[in-house]
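Below, each value reflects all heavy atoms present in this structure, side chains not excepted, and no hydrogens, waters or symmetry copies. Keep in mind the model is a prediction, meaning the values are calculated, not measured.
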Amino acid sequence: MAPAISTGNSNSLNILDFVVNKGHGVKGLADLGLKTLPHQYIQPPHERFDTSLEDATHDSIPLIDMSRCDDPKVAEAVCNAAQKWGFFQIINHGVPIHVLENVKEATHGFFGLPAEEKKKYSKEHSVTNNVRYGTSFTPEAEKALEWKDYLSLFFVSDDEAASCWPPICRNEALEYMKSFETVVKKLLEILMNGLNVKEIDQTNKSILMGSKRINLNYYPICPNPELTVGVGRHSDVSTLTLLLQDDIGGLYVRNTENMKWIHVRPVSGVLVINVGDALQIMSNGKYKSVEHRVSANGSRNRISAPIFVNPKASDIIGPLPEVLQSGEKPLYKHVLYSDYVKHFFRKAHDGKATIEFAKA
């Protein structure tokens, strides 16, 4: 039951306790009908969305048709996009539309559950660290909170998923994740070829795609969306990220040439792909893991579902030998992947700062 407070302001409400400890999340705040944004979510001016910093010269990032994925022109387009933009979109990827629609519906289903049900999957109550319901990014480290709730599902096995993932979204999330295995492998083969790695064997398969995690993200209607963010500036720590958006939009990608923001407008059936820090490190900077962020929305509830394809936690990542064989100087040292990820999660979002952890 929601606390009896004035829906006009949130001053009488212990925001952190309500949102984090009691499991209501920002959806709980939105459901109260708040007219003004709680001060805990007000971002400093330089982190807010400024439309004057949008890049009007580009409609969006490259869109690549994967229906002829063995065509050298497709491989060239993928590698060029990974080098220049760090982001691209794929169409005709082989995943049925109903799989995408089902996971979107299941995401709404999970976040529509009562707080008491969602709280069962919080850090304090989840039966496994591989299933985590939470809000913002790292609330204990953030000076200003982000307007987002999430369910994070780290895949270990079908058996663990069957017993530990929330039943309301388990089958849909699993089908969505498994449906992309073929296209993920193809994209990584193309990208590795561009680095003179001729095949993905058992050794580099672990480093490239040894673990997978799916997030279901929920961005409820926000009062004063111009004062906050859905997700702050960051780059992913993955090898590759595949993102399913709904039809609302809100993802912005940094154009590294002019430092302006490009809005990645959603297109039905299209997946957004981005290079993560792990691949930037392995490619010795050839492929770019680019800063991105998400705006808050004042009129509609938005959802998204990223799949993070990662090294295993126990893997040591660094520039691949094939990249350095011509005498290129390594830009990054070798680091334990779990150390890199812990460094990312123990602080607030801070743009591209995480990569400094691995600088040579």
Answer yes or no: is there a donor N or O on one side and an acceptor on the other, between the side chain of [X] and the main chain of [Y], under 3.5 Å?
{"X": "T107", "Y": "L216", "answer": "no"}
{"X": "T135", "Y": "K148", "answer": "yes"}
{"X": "H292", "Y": "L251", "answer": "no"}
{"X": "K288", "Y": "Q83", "answer": "yes"}
{"X": "N102", "Y": "H98", "answer": "yes"}

Between [X] and [Y], a side-chain donor and acceptor under 3.5 Å:
{"X": "Q280", "Y": "K352", "answer": "yes"}
{"X": "T239", "Y": "N310", "answer": "no"}
{"X": "D277", "Y": "Y340", "answer": "yes"}
{"X": "N297", "Y": "S299", "answer": "yes"}
{"X": "S157", "Y": "D159", "answer": "no"}

Minimum-distance pair of heavy atoms, taken over all atoms of [X] and [Y]:
{"X": "I168", "Y": "G109", "value": "CD1-O, 3.4 Å"}
{"X": "S304", "Y": "L243", "value": "CB-CD1, 3.8 Å"}
{"X": "T241", "Y": "P306", "value": "CG2-CB, 4.0 Å"}

Roughly how far, to the nearest 0.5 Å, is [atom2] of [Y] from [atom1] of [X]?
{"X": "L244", "Y": "I303", "atom1": "CG", "atom2": "CD1", "result": "6.5 Å"}
{"X": "I200", "Y": "S206", "atom1": "CD1", "atom2": "OG", "result": "12.0 Å"}
{"X": "L195", "Y": "C79", "atom1": "CG", "atom2": "SG", "result": "7.5 Å"}

Do [X] and [Y] have their ring centres less than 6.0 Å from each other?
{"X": "F180", "Y": "H93", "answer": "yes"}
{"X": "Y121", "Y": "Y133", "answer": "no"}
{"X": "F344", "Y": "F357", "answer": "no"}

Do the side chains of [Y] and [X] get nearer than 4.5 Å, heavy atoms only?
{"X": "N301", "Y": "Y219", "value": "no"}
{"X": "K123", "Y": "R132", "value": "yes"}
{"X": "L242", "Y": "V272", "value": "no"}
{"X": "L100", "Y": "Y176", "value": "yes"}
{"X": "I61", "Y": "V264", "value": "yes"}
{"X": "K186", "Y": "E189", "value": "yes"}
{"X": "N274", "Y": "D236", "value": "yes"}
{"X": "F88", "Y": "N80", "value": "no"}

Considering only residues two or more places apart or on different chains, which pairs with a residue in [range] satisfy salt bridge (Lys or Arg N to Asp or Glu O under 4.0 Å)?
{"range": "residues 200-213", "answer": "none"}
{"range": "residues 316-339", "answer": "none"}
{"range": "residues 173-184", "answer": "D158-K178"}

Using the side chain to side chain contact (heavy atoms under 4.5 Å, CB included) rule, pick out the option among V103, L174, L151, I214 that qualifies with C169. L151

Flag the pair R265 and D247 as a salt bridge only when some basic side-chain nitrogen lies within less than 4.0 angstrom of an acidic carboxylate oxygen. no

Pair E76 + K73, salt bridge at N-O below 4.0 Å: no

Contacts of N224 meeting side chain to side chain contact (heavy atoms under 4.5 Å, CB included) (sequence neighbours excluded), chain-then-number -> T36, L37, E226, L227

Does R293 qualify as a cation-pi partner of F49, given the criterion of NZ or CZ under 6.0 Å from the six-membered ring centre and within 45 degrees of its axis? yes

Quick one: list whatever passes ring pair (Phe, Tyr, Trp, His ring centres under 6.0 Å) with Y287, sequence neighbours left out. none

Just jot down the ring pair (Phe, Tyr, Trp, His ring centres under 6.0 Å) partners of H334, sequence neighbours excluded, or say none. none

Identified salt bridge (charged side-chain N to carboxylate O under 4.0 Å, His left out) counterpart of K120 within the set E124, E117, E116: E117

